[in-house]
Amino acid sequence: MKYWLLKSEAEVFSLNDLKNSPGQTTYWDGVRNYQARNFIRDEMKLGDKALFYHSNSEPNLIAGICKIVKEAYPDFTAFDPDNEHYDPKSKKENPAWFMVDVKWEEEFKNPVTLQSVKLNPKLKNMRLVQPGNRLSVMPVTKDEFEEILKMSG
DNA sequence: GCCAACGTTGGC
DNA sequence: GCCAACGTTGGC
(Lines give C-alpha, C1' and ligand atoms only; values in the text may rest on other atoms or scores of the structure.)
Protein backbone atom coordinates (compact mmCIF):
# COMPACT_ATOMS: atom_id res chain seq x y z
CA MET A 1 0.00 0.00 0.00
CA LYS A 2 1.16 3.51 -0.79
CA TYR A 3 0.54 6.71 1.12
CA TRP A 4 -0.27 10.14 -0.29
CA LEU A 5 -1.07 13.69 0.57
CA LEU A 6 -3.87 15.52 -1.21
CA LYS A 7 -4.17 19.29 -1.04
CA SER A 8 -7.43 21.13 -1.09
CA GLU A 9 -8.39 24.64 -0.17
CA ALA A 10 -10.68 24.25 2.81
CA GLU A 11 -13.00 26.94 1.50
CA VAL A 12 -13.33 25.16 -1.83
CA PHE A 13 -13.59 21.55 -0.66
CA SER A 14 -12.80 20.48 2.89
CA LEU A 15 -12.52 17.10 4.55
CA ASN A 16 -15.91 17.82 6.08
CA ASP A 17 -17.34 18.40 2.60
CA LEU A 18 -16.03 14.96 1.69
CA LYS A 19 -17.66 13.48 4.79
CA ASN A 20 -20.96 15.06 3.74
CA SER A 21 -20.73 13.86 0.13
CA PRO A 22 -22.99 11.01 -1.04
CA GLY A 23 -21.40 7.80 0.20
CA GLN A 24 -18.70 10.01 1.78
CA THR A 25 -17.05 9.70 -1.63
CA THR A 26 -16.14 12.05 -4.45
CA TYR A 27 -14.03 12.27 -7.58
CA TRP A 28 -10.78 14.18 -7.21
CA ASP A 29 -11.01 16.45 -10.23
CA GLY A 30 -9.05 19.42 -11.49
CA VAL A 31 -5.48 18.15 -11.19
CA ARG A 32 -3.72 19.99 -14.04
CA ASN A 33 -0.09 19.32 -13.33
CA TYR A 34 1.80 16.55 -15.10
CA GLN A 35 3.79 15.32 -12.13
CA ALA A 36 0.64 15.10 -10.03
CA ARG A 37 -1.18 13.51 -12.96
CA ASN A 38 1.47 10.81 -13.22
CA PHE A 39 1.13 9.95 -9.55
CA ILE A 40 -2.64 9.65 -9.97
CA ARG A 41 -2.58 7.76 -13.24
CA ASP A 42 0.37 5.45 -12.67
CA GLU A 43 0.85 4.88 -8.96
CA MET A 44 -2.33 5.33 -6.96
CA LYS A 45 -3.92 2.01 -6.15
CA LEU A 46 -7.19 0.89 -4.64
CA GLY A 47 -6.97 1.02 -0.86
CA ASP A 48 -4.10 3.53 -0.73
CA LYS A 49 -4.50 6.09 2.02
CA ALA A 50 -4.10 9.82 1.69
CA LEU A 51 -3.62 12.63 4.17
CA PHE A 52 -6.17 15.36 3.52
CA TYR A 53 -4.44 18.75 3.69
CA HIS A 54 -6.15 22.12 3.86
CA SER A 55 -4.13 24.79 2.05
CA ASN A 56 -4.78 28.54 2.11
CA SER A 57 -6.38 28.08 5.50
CA GLU A 58 -6.05 29.51 8.99
CA PRO A 59 -4.10 27.56 9.95
CA ASN A 60 -2.93 25.23 7.21
CA LEU A 61 -3.27 21.69 8.46
CA ILE A 62 -3.70 18.01 7.78
CA ALA A 63 -7.32 17.44 8.72
CA GLY A 64 -7.60 13.68 8.45
CA ILE A 65 -7.47 10.71 6.12
CA CYS A 66 -9.25 9.52 3.02
CA LYS A 67 -8.69 6.44 0.92
CA ILE A 68 -8.60 5.64 -2.76
CA VAL A 69 -11.75 3.73 -3.69
CA LYS A 70 -11.45 3.92 -7.49
CA GLU A 71 -8.27 3.96 -9.52
CA ALA A 72 -7.46 6.44 -12.26
CA TYR A 73 -9.95 7.23 -15.02
CA PRO A 74 -10.22 10.23 -17.34
CA ASP A 75 -11.05 13.54 -15.64
CA PHE A 76 -14.26 14.36 -17.50
CA THR A 77 -14.30 17.95 -16.24
CA ALA A 78 -11.52 18.61 -18.77
CA PHE A 79 -13.96 17.87 -21.63
CA ASP A 80 -16.62 20.35 -20.52
CA PRO A 81 -16.21 23.92 -21.87
CA ASP A 82 -18.43 25.20 -19.09
CA ASN A 83 -16.32 23.66 -16.36
CA GLU A 84 -13.66 25.79 -14.70
CA HIS A 85 -11.18 22.97 -15.19
CA TYR A 86 -11.88 22.72 -18.95
CA ASP A 87 -8.79 21.95 -21.02
CA PRO A 88 -9.25 21.74 -24.81
CA LYS A 89 -5.95 19.84 -25.08
CA SER A 90 -7.51 16.85 -23.36
CA LYS A 91 -9.49 14.76 -25.86
CA LYS A 92 -11.86 11.95 -25.00
CA GLU A 93 -9.97 9.60 -27.28
CA ASN A 94 -6.68 10.63 -25.68
CA PRO A 95 -7.26 12.13 -22.23
CA ALA A 96 -4.54 14.30 -20.73
CA TRP A 97 -5.92 14.40 -17.22
CA PHE A 98 -7.05 11.74 -14.78
CA MET A 99 -8.90 11.48 -11.48
CA VAL A 100 -9.45 8.94 -8.74
CA ASP A 101 -12.37 8.54 -6.36
CA VAL A 102 -11.66 9.10 -2.68
CA LYS A 103 -13.69 8.20 0.37
CA TRP A 104 -13.68 9.88 3.77
CA GLU A 105 -12.06 7.72 6.40
CA GLU A 106 -11.09 9.67 9.48
CA GLU A 107 -11.10 13.18 10.90
CA PHE A 108 -8.15 13.78 13.22
CA LYS A 109 -9.03 14.58 16.81
CA ASN A 110 -6.00 16.84 16.75
CA PRO A 111 -5.40 18.15 13.23
CA VAL A 112 -1.70 18.35 12.39
CA THR A 113 -0.76 21.90 11.48
CA LEU A 114 1.79 22.78 8.85
CA GLN A 115 3.74 24.53 11.56
CA SER A 116 3.98 21.39 13.70
CA VAL A 117 5.05 19.38 10.66
CA LYS A 118 7.82 21.91 10.08
CA LEU A 119 8.90 21.65 13.71
CA ASN A 120 9.13 17.83 13.68
CA PRO A 121 12.66 16.75 12.65
CA LYS A 122 11.34 13.35 11.55
CA LEU A 123 9.25 15.09 8.91
CA LYS A 124 11.86 17.44 7.52
CA ASN A 125 12.03 15.52 4.24
CA MET A 126 8.32 15.69 3.50
CA ARG A 127 7.66 17.42 0.22
CA LEU A 128 4.97 19.41 1.95
CA VAL A 129 7.60 21.39 3.84
CA GLN A 130 10.09 21.82 1.01
CA PRO A 131 10.32 25.46 -0.06
CA GLY A 132 8.29 26.41 -3.08
CA ASN A 133 6.52 23.09 -3.30
CA ARG A 134 3.27 23.46 -5.18
CA LEU A 135 2.35 19.87 -5.97
CA SER A 136 -1.25 19.14 -5.08
CA VAL A 137 -0.72 15.37 -5.05
CA MET A 138 2.41 13.97 -3.48
CA PRO A 139 3.68 10.68 -2.10
CA VAL A 140 4.29 10.26 1.63
CA THR A 141 6.45 7.52 3.13
CA LYS A 142 5.02 4.97 5.54
CA ASP A 143 7.16 6.38 8.34
CA GLU A 144 5.96 9.90 7.66
CA PHE A 145 2.35 8.76 7.50
CA GLU A 146 2.65 6.96 10.82
CA GLU A 147 4.38 9.92 12.43
CA ILE A 148 1.50 12.18 11.35
CA LEU A 149 -0.95 9.67 12.84
CA LYS A 150 0.97 9.75 16.11
CA MET A 151 0.80 13.55 16.19
CA SER A 152 -2.94 13.48 15.55
CA GLY A 153 -3.74 11.24 18.51
C1' DG B 1 -2.56 41.61 -0.22
C1' DC B 2 2.21 40.53 -1.25
C1' DC B 3 5.50 38.01 -3.40
C1' DA B 4 8.63 33.95 -4.21
C1' DA B 5 8.61 29.75 -6.58
C1' DC B 6 7.81 27.41 -10.43
C1' DG B 7 5.15 25.33 -14.39
C1' DT B 8 3.53 26.58 -18.94
C1' DT B 9 3.27 29.17 -23.17
C1' DG B 10 4.78 31.09 -27.26
C1' DG B 11 7.99 33.85 -30.14
C1' DC B 12 12.12 33.31 -32.31
C1' DG C 1 15.28 24.11 -28.27
C1' DC C 2 15.93 28.39 -25.69
C1' DC C 3 14.17 31.63 -22.70
C1' DA C 4 11.30 35.66 -21.42
C1' DA C 5 6.75 36.56 -20.16
C1' DC C 6 2.98 35.21 -17.86
C1' DG C 7 -0.27 32.83 -14.73
C1' DT C 8 -0.99 30.19 -10.62
C1' DT C 9 -0.05 28.38 -6.12
C1' DG C 10 0.22 28.96 -1.51
C1' DG C 11 2.66 30.58 2.74
C1' DC C 12 3.02 34.53 5.28
For [X] and [N], what is the distance between atoms [atom1] and [atom2] respectively, to the nearest whole Å?
| X | N | atom1 | atom2 | value |
| --- | --- | --- | --- | --- |
| A:Leu135 | B:dT8 | CG | C1' | 15 Å |
| A:Glu9 | C:dG11 | CD | C1' | 12 Å |
| A:Asp87 | B:dT8 | CG | P | 11 Å |
| A:Arg37 | B:dT8 | CZ | P | 10 Å |
| A:Gln35 | B:dT8 | CD | C1' | 14 Å |
| A:Trp97 | B:dG7 | CH2 | P | 13 Å |
| A:Arg32 | B:dT9 | CZ | C1' | 17 Å |
| A:Leu61 | C:dC12 | CG | C1' | 16 Å |

Legend entry - A:Tyr3 reachable from A:Tyr53 in the ILVMFWY side-chain graph, under 4.5 Å edges: yes
Legend entry - Same apolar cluster: A:Phe39 and A:Val69, side chain cutoff 4.5 Å: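 No: no chain of side-chain contacts under 4.5 Å links A:Phe39 to A:Val69.
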Legend entry - A:Ser57 vs A:Glu9, side chain to side chain contact (heavy atoms under 4.5 Å, CB included): CA-CA, chis, key distance, verdict: CA-CA 7 Å; A:Ser57 303; A:Glu9 295 186 43; 6.0 Å; no
Inset, instruction - Classify the side-chain pair A:Thr77/A:Arg32 by whether it contains a donor and acceptor separated by less than 3.5 Å. - result: yes
Inset, instruction - Compute whether any side-chain donor of one residue and acceptor of the other, for A:Glu147 and A:Asn120, lie under 3.5 angstrom apart. - result: yes
[N] phosphate, OP1 or OP2: any side-chain N/O from [X] under 4.0 angstrom?
| X | N | result |
| --- | --- | --- |
| A:Lys7 | C:dG10 | yes |
| A:Tyr53 | C:dG11 | yes |
| A:Asn33 | B:dG7 | no |

Tell me if the aromatic rings of [X] and [Y] count as close, with their centers under 6.0 Å from one another.
| X | Y | answer |
| --- | --- | --- |
| A:Tyr86 | A:Trp97 | no |
| A:Tyr27 | A:Phe76 | yes |
| A:Trp28 | A:Phe52 | yes |

Inset, instruction - Output the single nucleotide from C:dG11, B:dT8, C:dT9 whose closest atom is nearest the side chain of A:Arg134. - result: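 Given the options C:dG11, B:dT8, C:dT9, the side chain of A:Arg134 is closest to C:dT9.
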Legend entry - Flag if over 12 foreign heavy atoms under 6.0 Å of CD, A:Glu146: yes
Kindly give the atom pairs (protein nitrogen or oxygen, nucleotide nitrogen or oxygen) under 3.5 Å for nucleotides 1-3 of chain C.
none

Legend entry - Interface with DNA chain C, restricted to residues 112-124 of chain A and to heavy atoms under 4.0 Å: A:Leu114, A:Lys118
